[in-house]
**Student:** 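This is the structure I want to talk about, given as structure tokens.
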Amino acid sequence: MTQQNMTEQEMKATAELVGSLVARSRKPLQDAGWLLKLPEADVISHTAALVKDLPAGWQARVQDLQCKMLAWLEAKQAEAAAEENISALRQRQAETEQASQDNRARFRELLEQNGGTVTPEMKALRAEYLEQQETASDLAGLIAEREKQLPALADVTGRKANAYVFCHDGITDERIDTLIDEFFMVNGVELGSLLRMKYSQFERNGSVHAPGVIEGANDADTLYRKFAVNLIEKWTHKNLPLMFRDDVISLAGAYPVRGARTDRRKRKIF
């Protein structure tokens, strides 16, 4: 009875799998990055709908991937904001130093014109450029403090990026293997039959016992392997777009978000 129940469960699981594969095969092929090309509001709504329809196991993994991606992007933004802040401080320091130099030059010019007499106007000018010098010095110290924080921020960005890329690669590697297996479950019999017939064409004229046939050069096995390799290369050419029907790939993306692999090198290894 137990064996019968297990068999029924297996049959049910197989039927559900075949049903899901047939349903997916009817969906249109879409560019691997179609989701991110939508307007922001549509990206959010489509993402929520796609995640909701995923199997429970994949749903949790894709949500974890999205959390890791957002964590990396937030760290990246924090690092960029810190760099922009330092750049603004440097600009302000340069402007303050230039203003101080201009005012000091004006003070000396007036001092010479007045025969060494310091007028109230000149006293105000001197107080202004001395204050500007002090401000520029304070800005330099602040810049130095902020620059010391940059390596730590970069390390955080690198670690978050690495976590995201590692998670992404794990999901896509497993998913691609699954999709290839499922593709052959649906199309393998027909594809295998066609390839066996193709081999028979080579076999008719490529027997190692036929005149002019050299094993390893133009025998049936060699010609068939070349045909198979050329066929795969033709349909996997790098200039052809990546097209999928799979929601996991649509949500995860065929590749990590641009910049993630570069950012992961920022983390401190030791």
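Here the structure is a predicted model, which is why all the values come from computation and not from measurement. Numbers here simply count residues along the sequence, with the first being 1.
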**Student:** Before giving the answer on side chain to side chain contact (heavy atoms under 4.5 Å, CB included), spell out for W34 and S250 the whole-Å C-alpha distance, their side-chain angles and the decisive distance to 0.1 Å.
**Tutor:** CA-CA 7 Å; W34 71 271; S250 293; 2.9 Å; yes
**Student:** Whether the side chain of H168 engages the backbone of G253 through a donor-acceptor N/O pair (distance < 3.5 Å, no angle test) should be reported.
**Tutor:**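 Present.
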**Student:** Just checking E121: does its CD atom have more than 12 heavy atoms from other residues, nucleotides or ligands closer to it than 6.0 angstrom?
**Tutor:**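 12 or below, so no.
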**Student:** Report the distance from atom NZ of K76 to atom CG of L70, rounding to the nearest 0.5 Å.
**Tutor:** 14.0 Å
**Student:** So, taking the atom named CZ in R146 and the one named CG in N85, what distance separates them when rounded to the nearest 0.5 Å?
**Tutor:**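 Going from the CZ atom of R146 to the CG atom of N85 covers 4.5 Å.
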**Student:** Which pairs count as salt bridge (charged side-chain N to carboxylate O under 4.0 Å, His left out) when at least one residue sits in residues 32-48, sequence neighbours excluded?
**Tutor:** D31-K37
**Student:** Taking all heavy atoms of A78 and all of L153, pick out the closest pair and write down the distance.
**Tutor:**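 Shortest heavy-atom contact: O-CD1, 4.4 Å.
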**Student:** Keeping the roles fixed (side chain from S193, backbone from V189), state whether a donor-acceptor pair exists under 3.5 Å.
**Tutor:**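 Pair found, side chain donor or acceptor close to backbone of V189.
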**Student:** If the threshold is 4.0 Å, N to carboxylate O, is there a salt bridge linking D247 and R175?
**Tutor:**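 Between R175 and D247 there is no salt bridge, as every charged N stays at least 4.0 Å from the carboxylate O atoms.
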**Student:** Using the test side chain to side chain donor-acceptor pair (under 3.5 Å), find all partners of R159 that sit at least two apart in sequence or belong to another chain.
**Tutor:**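 Only D155 meet the side chain to side chain donor-acceptor pair (under 3.5 Å) criterion with R159.
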**Student:** When you measure from the side chain of N162 to the backbone N and O of G158, does any donor-acceptor pair fall under 3.5 Å?
**Tutor:** no
**Student:** Do I44 and L65 belong to the same hydrophobic cluster, where Ile, Leu, Val, Met, Phe, Trp and Tyr are linked whenever their side-chain heavy atoms lie under 4.5 Å apart, directly or via other members?
**Tutor:**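 No, I44 does not connect to L65 through the hydrophobic network.
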**Student:** Any chance OH of Y255 has more than 12 other-residue heavy atoms, nucleotides or ligands included, within less than 6.0 Å?
**Tutor:** no
**Student:** Within a strict 4.5 Å, meaning less than it, do heavy atoms of the D221 and R225 side chains meet?
**Tutor:** yes
**Student:** Shortest non-hydrogen contact from E203 to A220?
**Tutor:**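 Scanning both residues, the minimum pair turns out to be CA-CB, 3.6 Å.
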**Student:** Pair L125, R104 - check side chain to side chain contact (heavy atoms under 4.5 Å, CB included), show working.
**Tutor:** CA-CA 8 Å; L125 194 61; R104 186 172 185 181; over 6 Å; no
**Student:** Say whether, by atom type as modelled, one donor and one acceptor occur between the side chain of R267 and the main chain of R264 under 3.5 angstrom.
**Tutor:**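 Pair found, side chain donor or acceptor close to backbone of R264.
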**Student:** Which value, rounded to the nearest 0.5 Å, describes the distance between M69 atom CE and E74 atom CD?
**Tutor:**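 So the gap between those two atoms works out to 10.5 Å.
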**Student:** Hey, mind stepping through R61 and L54 against side chain to side chain contact (heavy atoms under 4.5 Å, CB included) and telling me if it holds?
**Tutor:** CA-CA 10 Å; R61 293 180 66 180; L54 290 177; over 6 Å; no
**Student:** With distance as the sole test, does D64 use its side chain to make a donor-acceptor pair with the main-chain N or O of A60 at under 3.5 Å?
**Tutor:** no
**Student:** Shared ILVMFWY cluster between L231 and I180, side chains joined below 4.5 angstrom?
**Tutor:** yes
**Student:** Would you say V51 and Q66 make side-chain contact, with heavy atoms under 4.5 Å?
**Tutor:** yes
**Student:** Drop me the distance from L179's CG to E174's CD, to the nearest 0.5 angstrom.
**Tutor:** 10.5 Å
**Student:** F166, I176: one ILVMFWY side-chain cluster at the under-4.5 Å cut-off?
**Tutor:**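 Different clusters: F166 never reaches I176 through Ile, Leu, Val, Met, Phe, Trp or Tyr contacts under 4.5 Å.
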**Student:** Could you tell me which non-hydrogen atom of A161 sits nearest to which non-hydrogen atom of A260, and how far apart they are?
**Tutor:** CB-O, 3.6 Å
**Student:** In plain terms, say whether D102 and R106 are close enough for a salt bridge, that is, a side-chain N and a carboxylate O under 4.0 Å apart.
**Tutor:**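 Judged by the 4.0 Å cut-off on N to carboxylate O distance, D102 and R106 do not form a salt bridge.
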**Student:** Any side-chain heavy atom of Q91 sitting closer than 4.5 Å to one from E95?
**Tutor:**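 Answer yes - side chains close enough.
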**Student:** Below 4.5 Å, heavy atoms only, C-beta onward: do T119 and K123 meet side chain to side chain?
**Tutor:**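 T119 vs K123: side chains apart.
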**Student:** I232 and T236: which non-hydrogen atoms are nearest, and at how many Å?
**Tutor:** O-OG1, 2.5 Å
**Student:** How many angstroms lie between CD1 in I86 and CD in Q93, if you round to the nearest 0.5 Å?
**Tutor:** 12.0 Å
**Student:** Is the Y164 ring parallel, tilted or perpendicular to the W72 ring (thresholds 30°, 60°)?
**Tutor:** parallel
**Student:** E97 and Q101: side-chain donor and acceptor closer than 3.5 Å?
**Tutor:** no
**Student:** With no hydrogens and no angle check, is any side-chain donor or acceptor of T172 less than 3.5 Å from a backbone partner on A254?
**Tutor:** no
**Student:** Using 0.5 Å steps for rounding, measure from the CZ atom of R258 to the CG atom of D263.
**Tutor:**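 Rounded to the nearest 0.5 Å, the CZ-CG separation comes out at 13.0 Å.
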**Student:** Distance under 6.0 Å and angle within 45° of the ring axis: does K226 meet both against Y224?
**Tutor:** no
**Student:** Surrounding CZ of R92 (heavy atoms of other residues, nucleotides or ligands, distance under 6.0 Å), is the total greater than 12?
**Tutor:**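 Atom CZ in R92 is not crowded, with 12 or fewer foreign heavy atoms closer than 6.0 Å.
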**Student:** Run the numbers on L195 and F227 for side chain to side chain contact (heavy atoms under 4.5 Å, CB included), then give the verdict.
**Tutor:** CA-CA 10 Å; L195 291 176; F227 166 78; 4.0 Å; yes
**Student:** For T157 and E79, run side chain to side chain donor-acceptor pair (under 3.5 Å): C-alpha distance rounded to whole Å, both residues' side-chain angles, the deciding distance at 0.1 Å, then the answer.
**Tutor:** CA-CA 7 Å; T157 300; E79 182 187 3; 2.9 Å; yes
**Student:** State plainly whether one hydrophobic cluster holds both V43 and L73, where clusters connect Ile, Leu, Val, Met, Phe, Trp and Tyr through side-chain heavy atoms under 4.5 angstrom apart.
**Tutor:** yes
**Student:** Is there a path from W235 to L242 through hydrophobic residues (I, L, V, M, F, W, Y) whose side chains come within less than 4.5 Å of each other?
**Tutor:** yes
**Student:** Is the backbone of T96 close enough, under 3.5 Å, to the side chain of S100 for a donor and an acceptor to pair up by distance?
**Tutor:**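 The answer is no, because no donor-acceptor pair under 3.5 Å joins these two groups.
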**Student:** For residues 134-145, tabulate all N or O donor-acceptor pairs below 3.5 Å that involve a side-chain atom, not counting sequence neighbours.
**Tutor:**
| residue | atom | partner | partner atom | Å |
| --- | --- | --- | --- | --- |
| T135 | OG1 | E131 | O | 2.9 |

